[in-house]
Amino acid sequence: MTNQANGTASGGNATILTLLQAYLATAPLPPDGRLPPERVLADKLGTSRAGLRKALAALEAEGQLWRHVGKGTFLGARPIGAIGDVAAVAARVGPVAVMQARLVLEPPLARLAALNAGRSQLDALAAIATACEAAPTWRHYESQDAALHRGIAEAAGNPLLLHLFDQAAAVRRAVTWARPRAGTEAPPRDHHSFAEHRALVAAITARDGAAAEEAMRAHIATVLARLGA
């Protein structure tokens, strides 16, 4: 009897998690990625706040969101420090400026990651790259892509550079996540980033700093070219 009850509870939690993931895949969130308050979000999903908190905790454990008491719940990895007025910066830049900033910052981070990443970090990067290719929606892909780039920045082993990366990533989310996504649309199977991610992770895993830096530069340059820059 107890096992049956536990199974029912687990099934309920899984359902709430699925509902929450579906909501996040299409929700038009504000520039800072803040989710609605728990009470509002629970009403939207038609679930209890206790069940919602468990689902939020599961996504937080996966690094898909972070929470700050008194401030709220936000999409993406927890920043290393205060982000500042992200909305104000995002209002002054567009996708091209974001990618130009990434082109300056991220290739050297990839080089450092090749030198400093631990075994568990290398395994995590490979797993995230695979998750990118299995993403069922564009929003899910964007979340996994952000996790991959953040994982590389963290593996670089430099807290100051990680802080700068978090600042740029917060503006990137504000610029890209503000636009709505169709919940059923997924990246095509031949999406250019898949092969680029694999090459990037392979170079980092091989401890080839020069190749990792070049792979990251080529990856970001591809996106810049698609933006017409």
Side-chain angles (χ1 to χ4, degrees), residues 14-49 51-79 82-102 128 131-150 165-188 191 193 220 223-224 226-229:
T15 300
I16 296 170
L17 181 59
T18 299
L19 289 172
L20 177 58
Q21 290 173 320
Y23 170 80
L24 294 177
T26 57
L29 299 174
D32 60 2
R34 187 194 303 266
L35 275 62
E38 286 184 1
R39 175 182 55 79
V40 175
L41 190 51
D43 287 344
K44 285 180 179 291
L45 300 181
T47 186
S48 67
R49 292 181 68 177
L52 173 63
R53 287 193 188 104
K54 290 181 180 179
L56 290 171
L59 293 184
E60 184 176 25
E62 295 177 2
Q64 295 190 39
L65 54 83
W66 63 282
R67 293 182 283 181
H68 190 292
V69 176
K71 292 186 177 180
T73 303
F74 303 82
L75 280 174
R78 180 183 295 275
I83 288 175
D85 193 355
V86 172
V89 175
R92 299 176 59 188
V93 302
V96 171
V98 169
M99 298 309 297
Q100 288 172 337
R102 293 182 63 196
I128 297 170
C132 283
E133 299 187 32
T137 66
W138 270 110
R139 182 58 59 83
H140 189 82
Y141 165 77
E142 288 168 350
S143 177
Q144 294 298 324
D145 177 71
L148 178 65
H149 285 269
R150 214 275 180 173
F165 173 89
D166 279 338
Q167 296 273 352
V171 174
R172 177 194 178 197
R173 283 195 298 271
V175 171
T176 61
W177 282 65
R179 64 180 186 273
R181 287 289 198 183
T184 58
E185 183 184 358
H191 185 49
S193 285
I220 296 174
V223 180
L224 259 176
R226 287 172 177 264
L227 293 173

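For clarity, every value in this text was computed on a predicted model and none was experimentally measured.
With rounding to the nearest 0.5 Å, the separation of CZ in Arg34 from NZ in Lys71 is 9.0 Å. To the nearest 0.5 Å, atoms CG (Leu19) and CG (Leu41) are separated by 10.0 Å. Between the CD1 atom in Ile220 and the OG atom in Ser193 there is a gap of 10.5 Å [rounded to 0.5 Å]. For the atom pair CD (Glu38) and CG (Leu45), the distance works out to 11.5 Å, reported to the nearest 0.5 Å. One distance of note links CG of Leu20 with CG of Leu56; it measures 5.5 Å at 0.5 Å rounding. Atoms CZ and CG, from Arg39 and Leu52 in turn, are 12.5 Å apart once rounded to the nearest 0.5 Å.
Between Ser48 and Gly51, the shortest heavy-atom distance links the atoms OG-N, 3.0 Å. The two residues Gln64 and Gln144 make their nearest non-hydrogen contact at NE2-NE2, 4.2 Å. Pairing each heavy atom of Ala135 with each of Pro187, the nearest pair is O-CD, 4.1 Å. Smallest separation of non-hydrogen atoms from Leu224 and Val96: CD2-O, 4.0 Å. Residues Tyr23 and Pro36 come closest through the heavy atom pair OH-CG, 3.2 Å. Residue Met99 comes nearest to Leu227 through the heavy atom pair CG-CD1, 3.7 Å, listed as atom of the first residue, atom of the second, then distance.
Put simply, the side chain of Leu59 reaches to within 4.5 Å of the side chain of Gln21, judged on heavy atoms. Lys54 is not listed as a side-chain neighbour of Leu17, based on a closest heavy-atom distance of 4.5 Å or more. Between Leu24 and Leu35, the closest side-chain pair of non-hydrogen atoms falls below 4.5 Å.
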After noting the C-alpha distance and the side-chain angles of Val223 and Arg102, does the key distance pass the side-chain contact (heavy atoms from CB on, under 4.5 Å) rule? CA-CA 11 Å; Val223 180; Arg102 293 182 63 196; 5.9 Å; no
Thr47 and Thr15: side-chain contact (heavy atoms from CB on, under 4.5 Å), yes or no, with the steps? CA-CA 10 Å; Thr47 186; Thr15 300; over 6 Å; no
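Trp66 and Phe74 have parallel rings, their planes meeting at less than 30° on a 0 to 90° scale where 60° marks the start of perpendicular.
When atom types are taken as modelled, the side chain of Arg150 and the backbone of Gly76 share no donor-acceptor pair closer than 3.5 angstrom.
His149 and Arg172 form no side-chain donor-acceptor contact under 3.5 Å, judged by distance and modelled atom types alone.
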